[in-house]
Amino acid sequence: MSEIEENELDKAALPKNYDPKEIEGPLFTSWFEAGGFGRDVAGFADAEKPSYTIVIPPPNITGVLHMGHALNNTLQDILTRKARMQGRPTRWVVGTDHAGIATQNKVEQKLAAEGKTRFDVGREAFLEACWQWRDKYGSTIIEQLKSMGCSCDYNQEKFTMDADYATAIRKVFVDWWGKGLVYKGHRIINWCPRCTTALADDEVEHQDEAGHLWHLRYPLVEPVGDIEYLVVATTRPETMLGDTGVAVSPDDDRYKALVEAGAQVRLPLMDRIIPVFTDDYVDAEFGTGAVKVTPAHDPNDFDMGQRHDLEQINIFTEEAVVNENGGRFAGLTREEAREAVVAALEDLGLLDTPEEHDHAVGHCYRCGTTIEPWLSDQWFVKMSELAAPAIEAVRTGEVVFHPKRWENVYYRWMENIRDWCISRQLWWGHRIPVFYCDTCGWVGASEEDLTVCPECGAALRQDEDVLDTWFSSQLWPFATQGWPSDAGWQAELAAYYPTQVLSTARDIIFLWVARMIMSSMNFLDGQVPFRDVIVHPTVLDKHGNIMSKSRGNGVDPLVLIDKYGADSMRFGLALQVTGAQDLKFDEEKIMTMARNFSTKVWNASRYVLMNLEDFDVAAVSDKETGRVTPEAVTDADRWILSRLARLTRELGEGREGYDFGVIARALYSFFWNEFCDWYIELSKSQLNLGSEERLAAQRNLVFVLDNALRMLHPFMPFITEKIWLSLPHGDDRPSLMVAEWPCGEDFADFIDERAECAVEQLCAVVGAVRATRARYGISPKHPLGVIVKTTGDDAATGSEMLFAQASQIESLARTASFTVSPSAEKPAHSSVTIASALEIYIVLEGLVDFDAERARLTKERDKKAVDLEKLNKKLNNEGFLAKADAAVIEKTREDAGELKISLEQLEQQLADLG
RNA sequence: GCGCGAUUAGCUCAGGGGGAGAGCACUACCUUGACACGGUAGGGGUCAUUGGUUCAAAUCCAAUAUCGCGCACCA
C-alpha cells in the first residue's frame with residue numbers, strides 16, 4: 001500500500017463537479033494494485049487486536065449482481081472496512097459456489113442450442129463443458145463486486161469445486177458415513193422431472209393453486225349389504241393407476257361394515273383388486289372419508305403402505321411420463337394422463353361431481369416445474385443428532401440472530417428437522433464417494449478414489465450421483481480457510497475462527513445458515529462458524545412486489561452505479577436497512593436522497609479546502625501523530641466538537657453496529673444539518689474575525705471533516721477516500737481505508753453542554769429573524785435591528801453567551817444592529833418572538849402591517865394557552881404527582897412556568913400593539 | 001391451520017410510555033464566492049380499528065381488519 005502515492009492518487013484540489021465515474025474506477029484500481037485487501041493491508045493491522053473475518057455468501061457462478069447482492073455486500077463491506085480501520089486483522093473471504101442444478105441447466109441449454117443433450121456428449125465431456133462455462137462466466141459477479149467497492153480478499157478467491165474443497169467434502173461424507181449419519185434409503189422424495197433429480201424438502205417451493213377434488217367411484221368386488229361402491233376423493237386422479245389400497249378412518253361408521261366384511265375394491269381401468277382398510281391418518285371429515293392409497297406417489301400413502309404392507313407401484317418415468325405400469329395410459333405426460341383418466345372414468349360412469357379445491361403444489365426452486373413425489377433410492381443425512389448442539393448454540397447466545405426474532409424461525413425448523421436428501425441425479429457437482437463391488441457386494445465410502453475391491457480385488461464402480469450443492473456450501477466458513485488439508489489450517493482457524501458475522505437473506509436460513517452451524521460444530525469441536533447472523537431485508541420494488549425477471553420490475557445495481565455512483569447506491573441501501581423484513585426500493589426517492597448527500601459531502605469538502613490557502617499543517621498538528629488537532633476559540637468551535645464527540649460515541653455503541661439505517665441517518669444529519677448548515681455557515685464570519693479565530697476555524701474544519709470522512713468511509717468508500725487524500729489532515733497513512741477509526745472516548749473531553757446551549761440560543765435568534773423576514777416578505781438583504789432580552793433565572797449569563805456570538809449573529813441574520821441584555825426593552829413597532837429564556841425583538845418600523853402582527857400574536861397566544869391548559873391539567877392530577885418520575889414532574893413544572901411567562905409576554909405585546 | 005412481521009404526513013420510511021420526525025413531493029422567497037443535486041421559511045398526520053394496563057398510550061398488552069412472509073399441509 002505504500003505504493004499508493006506512487007499510483008498518484010490525485011492530490012490536487014477537488015474538481016468543481018462531483019463525478020463518481022471519474023473517481024471510483026481509478027481508486028479501486030489503486031487500492032487493488034497496492035496490495036489488495038488481505039488480512040493486513042499495508043501493515044497497519046494490529047495483531048494484538050481481535051481478528052475480524054466475514055465469509056461472503058458465495059454467489060452462484062451463474063449469478064449476476066442483483067439488488068439483494070448489492071444490499072448484502074454493502075453491509076458486509078461496511079463492517080469489513082470499519083473493522084479494518086479499527087486496526088483489527090480483517091479479512092473478507094470471497095468466492096463462488098458451483099451451483100449444481102443452476103450451472104448444469106445453463107450448460108444443458110447451451111448444448112440444446114446445438115441440438116444435443118448431455119447424454120449425447122457423455123459425462124466427461126459434459127463436465128469439461130461445465131468447467132469451461134465456469135472459467136468464462138464464473139467470476140462475472142466477483143468483478144461486479146469490485147465496481148461496488150467491496151474490499152474482499154480477491155487474491156484468495158475460493159470455489160466450492162476447488163481441489164482442496166473437494167477434500168473437505170470427502171472427509172465430511174466419509175466421516176458421517178462412519179458414524180452412520182449418512183445412509184441410503186428407498187423412499188418418496190421430491191423429484192423434479194425437468195431437472196431429473198431429487199431435491200431436498202427445503203428446495204421445494206409451495207404455491208397455492210386452484211384445483212379440483214375429484215370424486216371417483218371404486219366398485220366393490222362383492223357388495224356389502226346394499227353398498228356397491230366406495231367414493232374416494234383425490235386432487236390427482238391420474239395417480240389412481242398406481243393405487244394399491246383404499247383407506248378409511250377407524251372411527252367412521254359409514255365404512256365400519258365394509259371393513260369388518262374385509263371388503264375389497266376392483267380398481268377401475270387397471271382391473272386390480274385392492275384392499276379396504278382403516279388407518280388413523282384418514283380424516284373422516286374431509287372429502288368422502290375414503291382415501292385412495294398410492295404408496296409410490298405420495299409420502300403419506302407411502303407411510304400407510306408400509307403400515308399395511310401394500311405393494312408400491314411406480315407409474316411414472318423420471319420425466320413424469322406414465323410408464324408400462326400405467327397400462328393403456330403409458331406414454332402420456334402427467335397432465336395428459338389426468339385428462340385421459342378422468343375422461344375414461346366418466347365414460348364408465350365412475351366419476352361424481354368434482355369440488356373446487358385450492359391446494360399447495362410444490363415447485364422446483366430452480367426451474368419452477370411441478371414436483372413429483374417419487375419413490376427412489378437416495379442418500380440421506382440423519383439430522384436430529386447434528387441439530388441438537390446447533391439449537392443449543394443459539395439458545396445460549398453463542399450465535400445471535402439480528403433481528404432476534406429470526407431465532408424462533410430457526411428453532412421451529414431445527415426442532416422439527418427431517419433427514420436431508422443429499423443425492424442429486426446430476427453430473428455437475430461433487431460425486432458421492434461411495435464405491436460398489438458388483439462381484440462380492442462390498443460397499444464403502446472413501447476419501448481417496450478406489451478402483452479395486454478390498455475384499456475380492458474386483459473392479460469397483462463409484463456411485464453415479466453427486467451431492468446437493470448445499471452439502472458443499474455448509475462447509476464454506478472453514479473449508480475456505482484450509483480445513484482439513486492445508487498445512488496451516490489449525491493455526492489459521494485458531495487465530496481467525498469463529499468468523500464474526502454472516503450476513504444473508506432470510507430465504508437461506510435453513511438451506512445454508514443452519515447447516516453451517518451444524519457442520520461446523522460437528523467437525524470443529526463444537527465451535528460455531530460465526531457469532532452473529534444478520535438477516536437483512538428483502539429488496540422489493542417500490543410497490544412492494546418481489547423483483548423478478550418475469551415481472552420485469554428488477555433494478556440493476558450496475559445501472560444504479562452508472563447513474564448515481566457506487567457510493568450513493570451503498571448509502572441509499574444502508575439508509576433503508578432497519579429491522580423490517582422487506583425494503584421497498586423506490587429508486588427516485590432513495591437515490592435522490594443519497595446522491596444529494598454525496599454531492600453535499602463533496603461541496604462541503606471543497607469549501608473547506610478552499611479556505612486553507614494559509615493553513616500550515618505542521619504548526620497545528622500533534623507532535624507524535626502529525627495529525628491536525630482541533631482548537632476551540634469560539635462557542636461555535638466548542639459546539640461542533642461537542643456534537644462530533646456525541647456522534648462518535650453514538651457510532652461506537654449502536655448495538656453491535658448492525659443498525660445500519662440508524663447509523664447512516666446519524667451521519668447524514670450530523671454532516672448536513674450540523675456541520676454544513678451551522679458550522680460551515682458560522683465559519684464564514686469566523687474566518688474573517690481575527691487570526692486566532694481564523695486558524696481555529698481552519699483547524700476545526702479540517703479536523704471535523706477528517707473525522708466525518710473516517711466515519712462515512714465504510715458507507716461511501718470512494719468519495720471519502722478521494723477527498724481525504726486531498727485534505728491536509730496531517731495523517732501519514734497512505735489511504736483512508738487504513739486510517740484510524742475515531743474512538744468516542746478520545747473525544748469525550750469535547751462534550752460541552754454550555755456551548756451546545758449557547759449555539760442553540762444563537763440558532764433561536766437567527767431563526768426568529770429569518771422567520772420574521774419570511775412572514776412579512778422582508779428581503780434577506782434588508783438589514784434589521786435586533787434586540788434580545790434574556791429572561792429566566794440566569795439571564796445575565798444568557799446575555800453573555802449571546803453577546804459573545806454577536807458577530808456571527810450579525811452575519812447569519814443580516815442585522816443592522818444587535819444588542820442583548822437582561823433589561824432590554826421592546827422598541828415600538830417591533831415584532832416579538834418568544835424562545836426559551838429569550839425575547840427577541842425585531843424592529844419593523846415602516847416595514848410591516850401591524851394588524852398582521854397582531855393576528856399572528858393572537859394565534860400564538862391561543863396556541864400557548866391551550867398547551868398551558870394541558871400542562872396545568874396534568875399538574876393538578878394527583879395521580880400524576882404521586883406516581884410520575886420526579887424528573888418528569890419537574891420538567892412539566894418548568895415547561896408550564898415557561899409557557900406561563902410566554903403567555904404573559906404575548907399578552908403584554910398585544911396590549912402594546914393596542 | 002400454526003407462527004412471524006407490517007399498518008405513523010400525498011409517497012418511501014424512521015422513531016417509540018410524558019409536547020408527532022426525516023427524505024421526496026408541495027407552497028413562498030432567495031442565484032449571497034462550497035453546493036439550485038443548493039439555501040431560508042412554511043403547509044400537511046385524531047400514529048389501522050376496538051378494548052385493556054397506566055397518573056399518562058402513537059409507544060405496552062389483547063382482540064379485529066387489511067397487507068406481506070414463513071412452516072405445515074386433508075387424499
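Computation of the quantities below employed the complete heavy-atom set of this structure, encompassing side-chain atoms and omitting hydrogens, waters and symmetry-equivalent molecules. In the text below, chain A, chain B and the rest are named by the order of the sequence lines, each starting its count at 1.
- Between A/His212 atom NE2 and B/A75 atom C1' the separation is 16 Å, expressed in whole Å.
- Distances were taken from every side-chain heavy atom of A/Lys16 (C-beta onward) to each of B/C35, B/A34, B/C11; the shortest belongs to B/C35.
- The side chain of A/Thr234 sits closest to B/A75 out of B/A14, B/A75, B/G68.
- The CZ-C1' distance, from A/Arg606 to B/G38, rounds to 12 Å in whole Å.
- In the interface, the side chain of A/Gln576 is not paired with the base of B/A14 through any donor and acceptor atom under 3.5 Å apart.
- The partner of B/C26 is B/G42, by the rule that a Watson-Crick or G-U pair needs both atom distances under 3.5 Å.
- Interatomic distance, A/Leu762 CG to A/Leu682 CG, rounded to the nearest 0.5 Å: 6.0 Å.
- With RNA chain B read from its 5' end, the first of the two nearest nucleotides for A/Phe585 and A/Lys600 is the one closest to A/Phe585.
- A heavy-atom distance below 4.5 Å is found between the side chains of A/Val513 and A/Val533.
- Within the 4.5 Å cutoff, no side-chain heavy atoms of A/Val231 are placed close to those of A/Leu216.
- Straight-line distance from the CZ atom of A/Phe401 to the C1' atom of B/G5: 17 Å, rounded to whole Å.
- In this structure, B/C47 makes no Watson-Crick or G-U wobble pair, since no nucleotide meets both defining distances under 3.5 angstrom.
- Taking a pair to require two hydrogen-bonding distances under 3.5 Å in either a Watson-Crick or a G-U wobble arrangement, B/G68 pairs with B/C4.
- No hydrogens or angles were tested; on distance alone, nothing pairs the side chain of A/Asp283 with the base of B/C73 as donor and acceptor under 3.5 Å.
- The one candidate from A/Tyr18, A/Phe571, A/Phe670, A/Phe715 that meets the ring-ring contact (aromatic ring centres under 6.0 Å, His included) condition with A/Phe597 is A/Phe571.
- Remark: A/Arg506 is not positioned above the aromatic ring of A/Trp406, lacking an NZ or CZ atom under 6.0 angstrom from the ring centre and at most 45 degrees off the axis.
- Taking a 6.0 Å sphere around CD of A/Glu613, one finds it holds more than 12 heavy atoms contributed by other residues, nucleotides or ligands.
- Checking B/G39, B/G70, B/C35 against the side-chain heavy atoms of A/Glu681 singles out B/C35 as nearest.
- The OH-C1' distance, from A/Tyr607 to B/G39, rounds to 15 Å in whole Å.
- Rounded to a whole Å, the CD1 atom of A/Ile778 is 15 Å from the P atom of B/A41.
- When distances run from any side-chain atom of A/Asp582 to the nucleotides B/G68, B/G70, B/G5, the shortest one goes to B/G68.
- The interatomic distance linking A/Ile546 (CD1) with B/G5 (P) rounds to 20 Å, in whole Å.
- In A/Glu209, the CD atom is crowded: over 12 heavy atoms of neighbouring residues, nucleotides or ligands sit closer than 6.0 Å.
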(request) May I have the step-by-step check of side chain to side chain contact (heavy atoms under 4.5 Å, CB included) for A/Lys684 and A/Leu812, ending in yes or no? (result) CA-CA 9 Å; A/Lys684 287 175 184 173; A/Leu812 289 183; over 6 Å; no
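- The side chain of A/Val291 approaches B/A75 more closely than any other nucleotide in the set B/A75, B/C35, B/G39.
- Across the protein-nucleic acid pair, A/Glu205 atom CD and B/C69 atom C1' stand 13 Å apart, rounded to whole Å.
- With B/A34, B/C69, B/G3 as the choices, the nucleotide that has an atom nearest any side-chain atom of A/Gln581 turns out to be B/C69.
- Under 4.0 angstrom from either OP1 or OP2 of B/U31 there lies at least one side-chain N or O belonging to A/Lys781.
- Comparing A/Gly579 and A/Ala233 by the nucleotide of RNA chain B that holds the closest heavy atom to each, the one mapping nearer the 5' end is A/Gly579.
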(message) I need a per-nucleotide contact map over nucleotides 18-24 of chain B, read 5' to 3'. Cutoff is protein heavy atoms under 4.0 Å; write B for the base, S for backbone only, - otherwise.
(response) BB---BB
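- Distance, A/Asn190 CG to B/C73 C1': 13 Å, rounded to whole Å.
- If you check B/G18 for Watson-Crick or wobble pairing at under 3.5 angstrom, you find it paired to B/C55.
- Nucleotides B/U64 and B/G5 have their P atoms positioned 16 Å apart, rounded to a whole Å.
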